[in-house]
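Predicted model, so just to flag it, every value in this text is computed and none were measured.
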Amino acid sequence: MDLSAFQNSLFLQALGGALLNSVWQACILWILFETISLFFKRASSRFRFNMSFLFLMLGFFWFLKDLLQFDHPGNASYQRAAFSSSGSHGTQMAFTSWHTLLGYLKPGLPFLSFAYMLLLFLLSIKLVASYFHVYQVARRGLIPPPSNLEVFMHQVSRQMKLVRTAKLWISQLIDVPATIGFFKPVILIPV
């Protein structure tokens, strides 16, 4: 079996390089997030959520930028960038060292990319299977609740000032209480 086409695939090399870069980039973003969190200890949960979402999106777009602009040591653009005279000596040295390390890791980048895509595929299958399981649980084996339970739920909904009330069902398929759905929420109580 000839692995040269697999190992020389520019896409797999770019994906592997972007994955390696995303590790140190995520560390930088995490340290920045934790530093900001120290200064805003009393911040609302909404602020913390928005800040964490912002950092996740920054990490994702940084990964995409690396994926689309990946230069491997065989590229002429890498050679020009690594040995150009612009920038400080320390930056050039760090840039050259990182690309030298990527040069050593280059044969393994396609395997890293393949493992990443395989893991992504398997986790996607698991996610879809879980979604269909939850879909079935929310629609099968349901028993209408007693009227006193529905009255209690409506009273609590009014006290909490909820605009939309969830449907309440007793389920034969679950062992613990559960809430399913966002647009059409359902509260399930085990038999």
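- Residues Gln136 and Leu173 have side chains not in contact (no heavy-atom distance under 4.5 Å, counting atoms from C-beta outward).
- In this structure the side chain of Leu32 reaches within 4.5 angstrom of the side chain of Ile36, judged on heavy atoms.
- A distance of 10.5 Å separates CD of Gln25 from CG of Leu20, quoted to the nearest 0.5 Å.
- When all heavy atoms are compared, the tightest approach of Ala43 to Arg48 is O-CD, 4.2 Å.
- Side-chain contact check for Leu64 versus Phe61: some heavy-atom pair is nearer than 4.5 Å.
- Under the 4.5 Å side-chain heavy-atom criterion for ILVMFWY residues, no single connected hydrophobic cluster contains both Trp169 and Ile187.
- Qualifying side-chain contact (heavy atoms from CB on, under 4.5 Å) partners for Arg139, counting only residues two or more places apart in sequence or in other chains: Tyr135.
- Linking ILVMFWY residues whenever their side-chain heavy atoms come closer than 4.5 Å, directly or via other members, places Phe111 and Leu109 in the same cluster.
- Heavy atoms of other residues, nucleotides or ligands lying less than 6.0 angstrom from CZ of Phe114 number 12 at most.
- You'll find the side chain of Ser22 stays beyond 4.5 Å of the side chain of Trp62, heavy atoms only.
- For the pair Phe132/Val128, a side-chain contact is recorded, criterion being any heavy-atom separation below 4.5 Å from C-beta on.
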Quick one, Leu56 with Phe60, criterion side chain to side chain contact (heavy atoms under 4.5 Å, CB included). Give me CA distance, side-chain angles, the key distance, then yes/no. CA-CA 6 Å; Leu56 280 173; Phe60 175 70; over 6 Å; no

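- Evaluation of the side-chain contact (heavy atoms from CB on, under 4.5 Å) rule for Ser113 yields Leu12, Leu15 as partners, not counting sequence neighbours.
- Follow the hydrophobic side-chain contacts under 4.5 Å out from Met51 and you reach Ile28 in the same cluster.
- For the atom pair CG of Leu168 and OG1 of Thr179, the computed distance is 10.0 Å after rounding to the nearest 0.5 Å.
- Across Val186 and Leu188, no two heavy atoms sit closer than the pair CG1-CD2, 3.6 Å.
- In this pair, Phe55 and Phe33 present their aromatic rings perpendicular. The plane angle is above 60°, beyond the 30 to 60° band.
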Distance-only donor-acceptor pairs under 3.5 Å for side chains of residues 143-160, two or more places apart:
| residue | atom | partner | partner atom | Å |
| --- | --- | --- | --- | --- |
| Ser157 | OG | Met153 | O | 2.9 |

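- In this structure, the side chains of Tyr131 and Leu127 stay at 4.5 Å or more apart for every pair of heavy atoms.
- Taking 4.5 Å as the limit, every side-chain heavy atom of Phe121 sits out of range of all side-chain heavy atoms of Met117.
- Nearest heavy-atom pair across Asp66 and Asn21 is OD2-CB, 3.2 Å.
- Under the 4.5 Å side-chain contact rule for hydrophobic residues, Phe49 and Leu54 do not share a cluster.
- The hydrophobic cluster containing Ile180 also contains Ile174, counting ILVMFWY residues as joined when their side-chain heavy atoms lie under 4.5 angstrom apart, directly or transitively.
- Taking 4.5 Å as the limit, some side-chain heavy atom of Pro177 sits within range of a side-chain heavy atom of Pro190.
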